[in-house]
Protein chains: 2
Amino acid sequence: MIEGAVRLLATEGVEGTSFANVLAATDSPRGSVYHHFPGGKAELVREALDFACEAAMATMEAARGKPARAVVQQFLDLWRELLIDSDLRAGCVVMAVTVAAGDESLRKYAGDIFRRWTEQLIGLFAEAGVDRRSARQLATTLISAMEGAVALSRAEQSSEPFEDVCAALLRLADTLSKRTRPK
Amino acid sequence: MIEGAVRLLATEGVEGTSFANVLAATDSPRGSVYHHFPGGKAELVREALDFACEAAMATMEAARGKPARAVVQQFLDLWRELLIDSDLRAGCVVMAVTVAAGDESLRKYAGDIFRRWTEQLIGLFAEAGVDRRSARQLATTLISAMEGAVALSRAEQSSEPFEDVCAALLRLADTLSKRTRPK
DNA sequence: GTCTATACGAAGATAGAC
DNA sequence: GTCTATCTTCGTATAGAC
């Protein structure tokens, strides 16, 4: 059911992720919704955010210890997969919540996930020898640009914007990671 | 009323932009909503998108004829203004619709606006002497990264992500615009 | 845990008087 | 053009039986 919520949030947004839709998409039992999610819809959305957050971070862990360019490549692939596997229909769950949450606390929750992603990337770049300042800029820019690129490609129903951004980001990564950390 | 819809879309998303909310926010007459917007909510959203689209493009026209770096700076300032003037509460209307539109046609409508923004930026960079390929990459990346950066700063309630991305984009612009168009 | 039934409110939309 | 009234649908949430 949480996975179903993730899928719906990514493709239909918060509005489209009603209990009715999630249940219909997952053949879940109707009667026990508030047994499993006493906090109601907000809780379901939080759990979906956690799930998506962990999945992304687990994937990125595979790039630990590799050079900066490989870390970037892994990150781009992560988003390309989301986009291509969904036929350009899915976006980022965290973005969906950020932009559409009626609840202020949900937006903060999304913000915390962005922070965690950023810190993880900074760590990966730091291990690859990139100086702290460049690592932070690179991490934040990667996340921002991917979030935007996925949205553009989704709206335009074309992978071209996404691929253009990927190309530019690889170039940026080369520029920024030349500034290696002084030892 | 259209301006009110723009404000609500930017801060509350599509879900929060109900007729009731727009009316309350703008002291508009209740009775004539469907007189002015026979297409219902979808039409209101389309008009709001048009309004926001034109406003942004008009601002960017001021940078026509200037060097690439000035074009970039103008674009960054455009988004910084949105973010700061709203106390980190507003996002991009087009992003809001892309991510939350129940209607498929609205998403396409948003895509057209992204296209128009991209084409305008490509034109500005081309006039500044940047080669076509770099101009396209730079334009798409600028839009994507700003869309994402605004969302991150909004979610995290901090202007730091936004400013980090701005710094990185200026660096990228310098790299890409060195490739000048052969004459 | 899962069910049915139901309360409650919000939102989109329409009709018809003024 | 603007009003009021109303309809319908939907979504969240609760209550209580099994």
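Predicted, not measured: the structure shown is a model, and the values here were computed from it. Here is the naming used below: chain letters follow the sequence lines, and residue numbers restart at 1 for every chain.
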What's the [atom1]-[atom2] distance between [X] and [N], to the nearest Å?
X: A/Tyr34; N: C/dA7; atom1: OH; atom2: P; result: 17 Å
X: B/Glu43; N: C/dG12; atom1: CD; atom2: P; result: 14 Å
X: A/Phe19; N: C/dT6; atom1: CZ; atom2: P; result: 21 Å
X: A/Glu12; N: D/dG11; atom1: CD; atom2: P; result: 12 Å
X: A/Arg30; N: D/dG16; atom1: CZ; atom2: P; result: 22 Å
X: B/Leu44; N: C/dG12; atom1: CG; atom2: P; result: 10 Å
X: B/Leu23; N: D/dT4; atom1: CG; atom2: P; result: 12 Å

A/His35 side chain, from C-beta outward: closest of C/dA11, C/dT2, D/dC3: C/dT2
I want to verify a distance call: between C/dA11, D/dA13, D/dT2, whose nearest atom is closest to the A/Lys41 side chain? D/dA13
Residues A/Thr141 and B/Asp164: closest non-hydrogen pair is OG1-O, 4.2 Å
Between A/Asp50 and A/Tyr109, is the side chain to side chain donor-acceptor pair (under 3.5 Å) condition met? List the steps. CA-CA 9 Å; A/Asp50 283 339; A/Tyr109 205 85; 2.8 Å; yes
Can a donor-acceptor pair be found, under 3.5 Å and without considering hydrogens, that links the side chain of B/Ser159 to the backbone of B/Phe162? no
Contacts of A/Gly31 and A/Asn21 projected onto DNA chain D by closest heavy atom; the upstream (5') one is A/Asn21
Which part of the nucleic acid does B/Ser32 contact within heavy-atom distance under 4.0 Å: base, sugar-phosphate only, or nothing? base
Using OP1 and OP2 only, check whether a side-chain N or O of B/His36 sits under 4.0 Å from D/dT2. yes
Between A/Glu12 and A/Arg89, does any side-chain N to carboxylate O distance fall below 4.0 Å? no
